[in-house]
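Here is the structure we will look at, set down as structure tokens.
Read the numbers this way: they start at 1 and go in the same order the structure lists the ligands and their atoms. This chain uses plain numbering: 1 for the first residue, then up along the sequence. Because the structure is a prediction, the values reported are computed rather than measured.
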Amino acid sequence: MKPRDLSAHSVYRAGRGLEEVARELGMDPDDLVKLASNENMYGPSPKAVEAIRDATERMHSYPKASHADLAERLGECWDLSPDQVWLGNGGDGVLDYLARAMLEPGDAVLVPSPGFAYYPMSARFHHGDVREYTLSKADDFAQTAATVLQDYDGERIVYLTSPHNPTGSEFTTDAIVEIAERTDEETLALVDEAYGEFTERPSARQLLDERDDIAILRTFSKVYGLAGVRLGYGLVPEAWADAYARINTPFAASELACRAGLAALEDDDHRETTVETARWAREYYHEHLDAPTWESGGNFVLAEVGDGSAVADAAQHEGVIVRDCSSFGLPECIRLTCGTREDTKLAVEIVNGVLS
Ligand SMILES: *Cc1c(COP(=O)(O)O)cnc(C)c1O
């Protein structure tokens with residue numbers, strides 16, 4: 001026997017891991033700096049680490065209380081009811097839940113190009129068709145209502161990434177409202193704020209008070225440094241918040257993840273230092289890289305270097321792993337995650353050396 005026809009499905013290609021690259025180059029992982037996956041330069045929130053250690057004794061139980069507590073706590077943070085907080089196994093898990101809740105077989109979705117690879121994957125898993133809107137490099141990847149609406153044709157979900165990965169560009173709240181207004185009543189504008197903490201712009205959260213056609217995605221992977229734990233959440237309108245109970249995998253987030261998330265939310269120091277350093281590093285990249293960069297609201301910067309794959313390869317041999325953007329359809333670019341001050345300076349020195 002065989003699985004169903006999966007030929008239209010693609011494989012997710014993550015940024016390369018430290019151990020993987022170190023082994024291949026015969027290097028010590030400690031001599032490599034990884035700035036390829038927009039992970040937190042300070043590691044996990046120490047409070048979350050402690051919470052996970054404490055929670056190990058409870059691993060034999062289903063995470064009933066912790067799941068409810070985390071939804072409640074996040075509801076308080078965002079001034080929403082706990083029902084409106086959809087926990088998931090990473091932001092990716094939440095993308096699946098939203099697709100599962102929205103798509104009938106054959107419904108189409110609209111995704112950005114370049115864009116986050118998991119949107120089309122998730123839509124296809126849920127028997128959706130995928131269409132694209134284009135962020136144009138000539139236009140500095142500007143994200144406006146027109147960018148999206150000129151390619152919109154009645155799709156059921158429109159994915160909006162703000163700040164956008166890998167370019168760093170952003171939508172204004174007005175643009176998001178215009179998109180929601182000018183698309184069909186049954187079209188969901190899914191605003192992915194995976195990097196929402198790093199921008200100075202407001203969240204689209206306020207729109208949930210007025211509209212039932214917007215959902216917001218947030219994650220603990222980036223600012224909280226919990227990418228390995230897999231924890232994210234959606235914020236959804238009150239009108240259909242109860243759909244979660246009908247579509248979620250029981251206990252979408254694990255006991256360890258929920259405990260870590262609860263603790264990380266209380267760790268202001270870790271979050272503030274992370275955001276502050278990321279904002280510093282963005283400026284440092286803009287000012288010191290010998291390559292054009294784009295304004296970014298995230299914890300990363302896109303740079304145009306000519307042959308992205310060759311530059312990433314050479315930089316890796318010198319000790320820094322950056323993201324070659326070929327898989328995003330930008331073979332002339334690399335994406336550099338914001339590191340600590342030390343790592344960011346080292347990355348600039350190495351990439352500039354490679355470029356000269
Ligand atoms: C990192 C990221 C996510 C979520 O990642 P998870 O680790 O699954 O939480 C979602 N969208 C974008 C654009 C991202 O870069």
Side-chain angles (χ1 to χ4, degrees), residues 12-17 34-41 43-45 48 70 74 85-99 109-123 125 132-133 135 141 143 157-171 176 189-199 201 203-204 215-235 248-249 252-254 256-258 260-261 264-265 274 278 294 296-302 322-323 325 327-330 335-338:
Y12 184 80
R13 309 243 174 250
R16 307 186 64 214
K34 186 185 173 202
L35 298 173
S37 297
N38 299 343
E39 291 152 341
N40 191 307
M41 69 286 255
S45 148
L70 181 56
L74 285 166
V85 179
W86 289 17
L87 298 180
N89 184 48
D92 295 344
V94 179
L95 288 171
D96 281 344
Y97 288 156
L98 288 166
V109 305
L110 192 64
V111 305
S113 170
F116 188 55
Y118 198 65
Y119 304 148
M121 292 173 67
S122 174
F125 294 156
E132 295 183 338
Y133 63 93
L135 308 192
F141 305 108
Q143 300 206 98
I157 306 178
V158 175
Y159 294 81
L160 309 173
T161 323
S162 190
H164 178 264
N165 179 10
T167 68
S169 72
E170 300 178 74
F171 285 101
I176 294 169
L190 199 174
V191 187
D192 180 347
E193 297 182 351
Y195 301 97
E197 292 85 357
F198 297 103
T199 174
R201 290 178 198 257
S203 166
I216 297 163
L217 179 76
R218 308 281 297 205
T219 178
F220 284 82
S221 292
K222 310 285 160 57
V223 79
Y224 296 105
L226 296 176
V229 164
R230 314 303 303 131
L231 181 63
Y233 59 97
L235 300 174
N248 84 329
T249 309
S254 75
L256 300 187
C258 293
L265 287 173
T274 298
W294 281 270
S296 170
N299 66 339
F300 56 85
V301 163
L302 185 73
V322 297
R323 182 73 185 254
C325 289
S327 70
F328 288 105
L330 298 169
R335 188 192 65 197
L336 302 103
T337 299
C338 296

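Heavy atoms of Asp192 found under 4.0 angstrom from ligand 1 belong exclusively to the side chain. Proximity of Lys222 to ligand 1, defined as any heavy-atom pair under 4.0 Å, is confined to the side chain (atoms from C-beta onward). Using a 4.0 Å cut-off between heavy atoms, Tyr195 contacts ligand 1 through its side chain alone, with no backbone atom that close.
Between Arg230 and ligand 1 there is a heavy-atom distance shorter than 4.0 Å. The shortest heavy-atom distance from Tyr118 to ligand 1 is not under 4.0 Å. Under a 4.0 angstrom heavy-atom cut-off, Gly232 registers as lying outside contact with ligand 1.
Classification of the Phe116-Tyr119 ring pair by plane angle, with boundaries at 30° and 60°, yields perpendicular. Note on ring orientation: taking the six-membered ring where Trp is involved, the planes of Tyr118 and Tyr12 are perpendicular (angle over 60°, cut-offs 30° and 60°).
In this structure a side-chain-to-backbone donor-acceptor pair under 3.5 Å is present from Ser169 to Phe141.
Of the protein's heavy atoms, Asp92 OD1, 3.9 Å lies nearest to atom 4 (C) of ligand 1.
When ring centroids are compared, Tyr195 and Phe300 come within the 6.0 Å threshold.
In terms of polar-atom proximity, defined here as any N/O pair under 3.5 Å, Asn165 does make such a contact with ligand 1.
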Take Thr199 and Glu170, measure what side-chain hydrogen bond (donor to acceptor under 3.5 Å, both in side chains) needs, and give me the verdict at the end. CA-CA 9 Å; Thr199 174; Glu170 300 178 74; 2.6 Å; yes
